[in-house]
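As the structure is a prediction and not an experimental result, all values here were calculated from the model.
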Amino acid sequence: MRYLPMRRSKLVGTEGPGSLVISPEGETAVVGALDLWFKDSYGNKAKNIEEFAVHEPRLKAILKVDKFYTPPEFRKGSTNAMEVVPNSNLVIPLMRFPKWHYCSFCKSLRELELDQTSVYLDCSKCEQKRYYKQVPFVVICEHGHLSDFPWRKWVHNNENTKCEGNLFIKMSGGTTLDSWRVVCEKCKDSRDLQRVTSFDKDNNTSYLGNQLNKDKAVKYTCEGERPWCDDKKEECSAAPVAILRNSISVYMSKKISALAIPGDYSENVDLIVSKIQSPAKHLVRTNLSLLDNLEKRIKFIRENLRFELKEEVTDKEIEDALMYIESSEEYEYTEEELEKPGLLIKEKEFEKLTSTVNSRELKVETEWEFDLEEDVKENYYKPYLQRLSRVLKLKETTALYGFDRKDFKNSIDYSSYYPWLYKDYSGLQEKWLPVNEVYGEGIFLQLNIEKMQEWESSKDVLEYFERYLKRNGHIEHRDDSILKPRNIMLHTLSHFLIDELANVCGYNRAAIRERLYLDKDQVGLLIYISAGDSEGTLGGLVRLGLQEKFFHILDRAKNNAEWCSSDPVCTELGKTQGQGVNGLNGAACYNCSHIPETSCEFWNLYLDRSLLIDPKFGYFK
């Protein structure tokens, strides 16, 4: 496959190992496995990948891996023999997929190789060089395999066919699948593609698996291909599903993220820790690990970081920093704690966000805090809130630990996904996962827990939410922690705030994200920018966290929630049968409550304006 420009952040997400990426010309390739990364175009391994190492002890303890690395950036090698560019010419491996192509003129089918670069090839039927287009279909299964559509087997109604005749496609000009017909020139067999993408979810069978063979008692099963690794196949009994190669169901990345939380130590210690753990200091860390004497290690740090440390840094602070780094590397969570890793990660974050923090990676300033003695008559919203804080700086680390195909599975068994990211997982000397780091800013809002408990226990709210739970009682929820009136209300409030903040702060909605804190004693939300670079963002969002600006924005967000352009249909449907996937939303639709799904923690589900503003039982009624 030829070279394609790729964003490093997308390699830890929608374009991770095993995903399909599309070039500007419409060519599709599959991203190679992790053990094929950190090599140049000739297959030579990088000499020192520690430059790309990332230290995030909380994520490391949850995912139980040895290392985190950011995807390598491409650096062109120098033509000057005296100038050495470290880790130059590193590329992410891409393999051409699907391999089946058809001639743009005569429509004859042809299977190419994974490493094919050019698509201008000699066509045996046209007898001249032609441009070959990729077929629009691939085949996936629930176990994660990715295969080519079985064109030869399909047209002959037999998965064991021996016919090697030339195949070509007849197109009748329609837009549906039955307008495509595959024909074998040798035996004259032909067959259209009608319904090949159909899948019976109730019986977990597919039209392709049931109908490929003429003998319907013989079911066609998945080929077991993993083209992001090699051409080898493995046994698989899953039902294969034909799907368009640009469909979202082809690759659903599995990610987990955490905010960088400083330890309970001074700013000088925080500075030392951040400098030692910086990717640029991999040689310092390597040499430091060779020293077994504490005095020598302290002296080594003073000599190697003399230009970066403050003059008043003491030996005790350097010692504290070294102890923190060592303990972080060895920290382990119990099995009980790991049952709900999302809540585990957010527990410490909530503690820091509800206080004042001033470190290099997290800066939190409390802008306003509820006080019983404060006169709040002039501000309608203050009794409903507990705290408003401005997060001047934060760092988010996101790790990719696997992917699903066809259906998103709600599983916290992270290690079961790791083998799918590697070509040879059993032979690994070091288990590592790709991560992405971004610096940003945000606004943290904590609601009044006493006011919330009073509202949540009211008769009207209980009756309304009981009907909601009864309506959705048959559904298996991906995360049942959201199933409380306060959490759905908070989630809905977050969406309207993001919508209003995007109108004012200068960032688009896709660049703003939510982070909800929904544990037993937590009722808070962090709205933050996650699209910053290594230097952070421009402050457009955090300035709106000032009292004199934020409460006006909150007022406009609440007013926007009171009306939808689809009303009264939106509100009435929300109260009776629900909206969205499986009716999980109440009064919430694309015209009022939805934001880009990359910005939402729950895929635009579990939203209900009624819990926010209904005159009878809304929180801000």
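Ring centroids of Tyr69 and Phe52 are separated by 6.0 Å or more, keeping the two rings apart. Taking the six-membered ring wherever Trp is involved, the centroid distance between the rings of Tyr401 and Tyr418 does not fall below 6.0 Å.
Salt-bridge formation is detected for the pair Lys67/Glu50: a Lys NZ or Arg NE/NH1/NH2 atom is positioned less than 4.0 Å from an Asp or Glu carboxylate oxygen. Between Glu351 and Lys348 there is a salt bridge, since a side-chain N of the basic residue sits under 4.0 Å from a carboxylate O of the acidic one. Ion pairing between Glu441 and Lys363 fails under the 4.0 Å rule for side-chain N and carboxylate O. Ion pairing between Arg609 and Asp567 holds under the 4.0 Å rule for side-chain N and carboxylate O. Using a 4.0 Å cut-off between charged side-chain N and carboxylate O, Glu73 and Arg8 make a salt bridge. Using a 4.0 Å cut-off between charged nitrogen and carboxylate oxygen, Glu562 and Lys558 count as a salt-bridge pair. A salt bridge links Glu437 with Lys395; the closest basic N to acidic carboxylate O contact falls under 4.0 Å.
Judged by distance alone, with hydrogens and angles left aside, the side-chain atoms of Ser458 form a donor-acceptor pair with the main-chain N or O of Trp455 at under 3.5 Å. One N or O on the side chain of Thr354 and one on the backbone of Phe350 form a donor-acceptor pair closer than 3.5 Å. Here the side chain of Asn472 pairs no donor or acceptor atom with the backbone of Ile475 at under 3.5 angstrom. Under the 3.5 Å distance criterion, the side-chain polar atoms of Ser599 are matched with a main-chain donor or acceptor of Ile512. Listed for the Asn508 side chain is a donor-acceptor partner under 3.5 Å among the backbone atoms of Ala511. Side chain of Arg543 to backbone of Lys549: no donor-acceptor contact under 3.5 angstrom is found. Proximity of a side-chain donor or acceptor of Asn87 to a complementary backbone N or O of Glu51 within less than 3.5 Å is not detected. Not a single donor-acceptor pair under 3.5 Å links the side chain of Asn436 to the backbone N or O of Thr398. Proximity of a side-chain donor or acceptor of Asn89 to a complementary backbone N or O of Lys76 within less than 3.5 Å is not detected. Without hydrogens or angle criteria, Ser247 side chain to Ser249 main chain gives a donor-acceptor distance under 3.5 Å.
Looking at residues two or more places apart in sequence or on another chain, you find a ring-ring contact (aromatic ring centres under 6.0 Å, His included) between Tyr468 and Phe465. Under the ring-ring contact (aromatic ring centres under 6.0 Å, His included) criterion, Tyr528 pairs with no residue, sequence neighbours left out. Arg390 pairs by the salt bridge (Lys or Arg N to Asp or Glu O under 4.0 Å) definition with Glu365, Glu367, not counting sequence neighbours. Contacts of His495 classified as ring-ring contact (aromatic ring centres under 6.0 Å, His included), with partners at least two apart in sequence or in another chain: His491. The salt bridge (Lys or Arg N to Asp or Glu O under 4.0 Å) test applied to Lys346 returns Glu601, not counting sequence neighbours. Legend: residues meeting ring-ring contact (aromatic ring centres under 6.0 Å, His included) with Tyr251, ordered by chain and number and at least two apart, are Phe403.
Among all heavy-atom pairs drawn from Ala258 and Leu59, the shortest one is CB-CG, 3.9 Å. For Arg245 against Gly26, the heavy-atom pair with the smallest separation is NH1-O, 3.3 Å. Nearest heavy atoms, Gly13 versus Ser253: O-CB, 3.2 Å. Pairing each heavy atom of Gln579 with each of Cys570, the nearest pair is NE2-O, 3.2 Å. Residues Leu388 and Gly545 share a closest heavy-atom pair of CD2-O, 3.4 Å. The two atoms that bring Asn585 and Gly580 nearest to each other are ND2-CA, 4.4 Å, heavy atoms only.
Rounding to the nearest 0.5 Å gives a distance of 6.5 Å between CG of Leu394 and CG of Leu526. Summarising the geometry, atom CZ belonging to Phe617 is positioned 6.0 Å from atom CG belonging to Leu611; distances are rounded to the nearest 0.5 Å. In this structure, Leu34 CG and Trp228 CH2 are separated by 11.5 Å, a value rounded to the nearest 0.5 Å. Going from atom CG of Asn591 over to atom OG of Ser566 covers 3.5 Å, rounded to the nearest 0.5 Å. A distance of 11.5 Å separates OG1 in Thr397 from CD1 in Ile256, rounded to the nearest 0.5 Å. Separating the CD atom in Gln446 from the CD atom in Gln386 is a distance of 5.0 Å, to the nearest 0.5 Å.
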Please report the C-alpha distance between Ser565 and Cys592 in whole Å, then the side-chain angles of each, then the deciding distance to 0.1 Å, and finally whether the side chain to side chain contact (heavy atoms under 4.5 Å, CB included) criterion is met. CA-CA 7 Å; Ser565 59; Cys592 56; over 6 Å; no
CA sep, side-chain torsions, deciding dist, call: Arg486, Ile449, side chain to side chain contact (heavy atoms under 4.5 Å, CB included): CA-CA 10 Å; Arg486 67 169 74 176; Ile449 188 70; 3.6 Å; yes
Derivation of the side chain to side chain contact (heavy atoms under 4.5 Å, CB included) call for Val250 and Arg405: CA-CA 5 Å; Val250 171; Arg405 300 201 198 276; 4.0 Å; yes
What's the verdict on salt bridge (Lys or Arg N to Asp or Glu O under 4.0 Å) for Lys520 and Glu347, showing C-alpha distance, side-chain angles and the deciding distance? CA-CA 10 Å; Lys520 183 179 179 181; Glu347 181 181 349; over 6 Å; no
Run Tyr464 and Lys575 through side chain to side chain contact (heavy atoms under 4.5 Å, CB included) and show every step you take. CA-CA 8 Å; Tyr464 177 77; Lys575 291 182 178 180; 4.0 Å; yes
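Within a 6.0 Å radius of NZ in Lys254, other residues, nucleotides and ligands contribute more than 12 heavy atoms. A 6.0 Å sphere centred on CZ of Arg75 holds more than 12 heavy atoms belonging to other residues, nucleotides or ligands. Within 6.0 Å of the CG atom in Leu244, the count of heavy atoms belonging to other residues, nucleotides or ligands exceeds 12.
Between Phe620 and Tyr381, the angle of the ring planes goes over 60°, which puts this pair in the perpendicular group of the 30/60° scheme.
Between the side chains of Asp608 and Thr492, no donor-acceptor pair is found at a separation under 3.5 Å. If you check the side chains of Arg515 and Ser257, you find a donor sitting under 3.5 Å from an acceptor.
Side chains of Leu501 and Tyr507 form no contact here, defined as non-hydrogen atoms less than 4.5 Å apart. The shortest distance between side-chain heavy atoms of Leu94 and Met6 falls below 4.5 Å. Counting heavy atoms from C-beta on, the side chains of Leu445 and Leu385 come closer than 4.5 Å.
A cation-pi arrangement is found for Lys382 relative to Phe551, the charged atom lying closer than 6.0 Å to the ring centre and inside a 45° cone about the ring normal.
In summary, of the residues considered (Ile482, Val581, Ile488, Asn582), a side-chain contact (heavy atoms from CB on, under 4.5 Å) with Leu605 occurs for Val581 alone. Of the residues Leu525, Leu541, Val391, the one that meets the side-chain contact (heavy atoms from CB on, under 4.5 Å) test with Ile443 is Leu541.
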